[in-house]
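None of these values were measured; they are calculated from a predicted model. Naming: A, B, ... by sequence-line order, numbering from 1 per chain.
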Amino acid sequence: MNSRISAAEKTALFLHGRYGHEIEKGIPENPFKVLISCVLSQRTREENTAIASKSLFSVASTPEGISKIPLEELQRLIKAAGLAKQKAKNILQICGAILENGDNVPSNREELMKLPGVGPKTADITLCYGFGIPCIPVDVHVNRISRRIGLVDGPVKLEEVGGLLQKIFGRKDWRIVNRGLVLFGREKCLPRNPKCGICELNEFCKFGRQALNKRA
DNA sequence: AAAACGGGGGC
DNA sequence: GCCCCAGTTTT
């Protein structure tokens, strides 16, 4: 039995138990809303993302509807999310591209990343939450947590971490793994001062054991 | 590889 | 005041 698999099992069980219920409430109901919400969320706290997306979707929530909103009006609607000027421009172009595509959001990574303001994370999140396609979007938090626990080790490039995690986690609910890792990172596995002392994973987490030993 | 975009909230 | 935020694009 590989110890990394064991750590992954424990991690997955914890994520499902602790954060599984979260998946039922906060996810937009269609791929388009997932995509737009994700663009709004870039470099932005969730609370502000929620304010901006609510503000926008209360006016329009389809590619056709949003593409009719003037640029300056759109900027005003989403300003709570920050980077509003660029995001508004991107959203209008994204809506235009979707309309050209028969009113369909692209359902593969390559096509998604051709859209302005859509990089690897936004594309993967759209695939995972919008289309239910198995993939693990990797941001700095997921990367940090995976390395601390020891799920990922050595000179693995950021782009390779997602695929590696998929293998390690096996047939789990990707949405819960994704969401759980992010929430866990925000609550306990913080970048600077992680709360290893009260962390449920500290006994088998490399970083956690080290931190606790240092304290004792 | 590093800077730039960016307003808002916590400390 | 300073730091950070489910990143992406440009230099």
Side-chain angles (χ1 to χ4, degrees), chain A residues 11 15 18-20 22-23 25-28 31-56 71-95 97 106 109-148 151-152 155 157-163 165-166 169 173-195:
Chain A
T11 305
L15 293 176
R18 178 68 182 79
Y19 300 107
E22 290 285 343
I23 219 66
K25 34 189 192 186
I27 297 182
F32 177 68
K33 282 192 174 182
V34 172
L35 174 57
I36 298 302
S37 302
C38 188
V39 169
L40 291 175
S41 81
Q42 289 161 4
R43 295 300 293 174
T44 305
R45 290 176 189 277
E46 277 194 13
E47 307 84 68
N48 296 330
T49 302
I51 294 170
S53 61
K54 201 170 297 180
S55 159
L56 171 59
L71 178 60
E72 291 184 3
E73 166 78 356
L74 185 54
Q75 285 178 25
R76 191 183 61 75
L77 285 171
I78 66 172
K79 73 170 186 306
L83 300 172
K85 194 169 183 176
Q86 194 58 47
K87 285 177 181 174
K89 222 163 76 179
N90 289 339
I91 287 171
L92 286 178
Q93 285 190 43
I94 289 170
C95 288
R109 204 167 190 264
E110 190 185 354
E111 291 299 318
L112 279 168
M113 285 181 61
K114 287 180 183 169
L115 300 172
V118 178
K121 319 291 192 309
T122 303
D124 282 347
I125 287 169
T126 303
L127 292 175
C128 182
Y129 293 106
F131 292 102
I133 295 172
C135 64
I136 296 189
V138 178
D139 57 25
V140 291
H141 305 290
V142 174
N143 188 41
R144 177 183 69 251
I145 295 164
S146 303
R147 288 177 183 278
R148 279 181 179 169
L151 302 177
V152 175
K157 291 176 187 168
L158 190 66
E159 273 290 308
E160 302 168 339
V161 172
L165 287 180
Q166 281 190 58
F169 278 115
D173 185 331
W174 307 107
R175 299 171 311 156
I176 295 178
V177 172
N178 294 338
R179 186 72 179 134
L181 285 173
V182 169
L183 293 174
F184 173 60
R186 189 167 72 194
E187 284 179 9
K188 299 204 177 78
C189 202
L190 304 168
R192 299 291 174 82
N193 297 105
K195 305 180 178 178

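Atom P of dC5(B) sits at a distance of 22 Å from the matching atom of dG1(C), rounded to the whole Å. Across the P atoms, dG6(B) and dT10(C) are found 13 Å apart, a figure rounded to whole Å. For the P atoms, the distance linking dA1(B) with dA6(C) amounts to 25 Å, nearest Å.
Taking the nucleotide of DNA chain C with the nearest heavy atom to each of N48(A) and A123(A), the more 5' of the two is matched to N48(A). Nearest-nucleotide positions on DNA chain B for G82(A) and E47(A) put G82(A) closer to the 5' end.
Atom CG of L83(A) and atom P of dA6(C) are 13 Å apart (whole Å). The nearest whole Å value for the distance from the CD atom in Q42(A) to the C1' atom in dC5(B) is 11 Å. Distance NZ (K85(A)) to C1' (dT8(C)): 17 Å, rounded to an integer number of Å. In this entry the distance linking CZ of R76(A) with P of dG7(B) reads 16 Å, nearest Å. At whole-Å resolution of the value, CZ in R109(A) and C1' in dT8(C) are 13 Å apart. In this structure, N143(A) atom CG and dA6(C) atom C1' are separated by 13 Å, rounded to whole Å. Distance, D139(A) CG to dT8(C) C1': 14 Å, rounded to whole Å. Rounded to a whole Å, the CD1 atom of I94(A) is 13 Å from the C1' atom of dG7(C).
Counting any heavy atom pair closer than 4.0 Å across all strands shown, T49(A) reaches no nucleic acid atom. At a threshold of 4.0 angstrom between heavy atoms, the contacts of R186(A) with the nucleic acid are absent. Nucleic acid contact class of A80(A) (heavy atoms, under 4.0 Å, all strands): none.
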- Please lay out, stage by stage, how I136(A) and D124(A) fare under the test side chain to side chain contact (heavy atoms under 4.5 Å, CB included). CA-CA 7 Å; I136(A) 296 189; D124(A) 282 347; over 6 Å; no
- Take I145(A) and T11(A), measure what side chain to side chain contact (heavy atoms under 4.5 Å, CB included) needs, and give me the verdict at the end. CA-CA 11 Å; I145(A) 295 164; T11(A) 305; over 6 Å; no
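Side-chain to base pairing of R45(A) with dC4(C): one donor and one acceptor N or O lie within less than 3.5 Å of each other.
One distance of note links NZ of K188(A) with NZ of K195(A); it measures 8.5 Å at 0.5 Å rounding. How far CG of L115(A) is from CD1 of I91(A): 12.0 Å, rounded to the nearest 0.5 Å. Here S55(A) contributes atom OG and R76(A) contributes atom CZ; the two are 7.0 Å apart, rounded to the nearest 0.5 Å. Rounded to the nearest 0.5 Å, atoms CG (L56(A)) and CG (L74(A)) are 6.0 Å apart. Rounded to the nearest 0.5 angstrom, K87(A) NZ and Q75(A) CD are separated by 12.5 Å.
Side-chain atoms of T44(A) lie closest to dG6(B) of the nucleotides dG7(C), dA6(C), dG6(B). Of the candidate nucleotides dG7(C), dA6(C), dG6(B), dG7(C) has the atom lying nearest to any side-chain atom of T122(A). Of the listed nucleotides (dA6(C), dC5(C), dT8(C)), dA6(C) has the atom at the smallest distance from the side chain of E46(A).
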- Dot-bracket, DNA chain B: Watson-Crick or G-U, under 3.5 angstrom, [ ] crossing, | other strand? |||||.|||||
Between the protein and nucleotides 9-11 of chain C, are there any N/O to N/O pairs under 3.5 Å, and if so, what are the atom names and distances?
residue	atom	partner	partner atom	Å
dT9(C)	OP1	G117(A)	N	2.9

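In this structure a side-chain-to-backbone donor-acceptor pair under 3.5 Å is present from E160(A) to K157(A).
Here N178(A) pairs with nothing under the side-chain hydrogen bond (donor to acceptor under 3.5 Å, both in side chains) rule; sequence neighbours left out.
With contacts defined as side-chain heavy-atom distances shorter than 4.5 Å, the pair W174(A)/Q166(A) qualifies.
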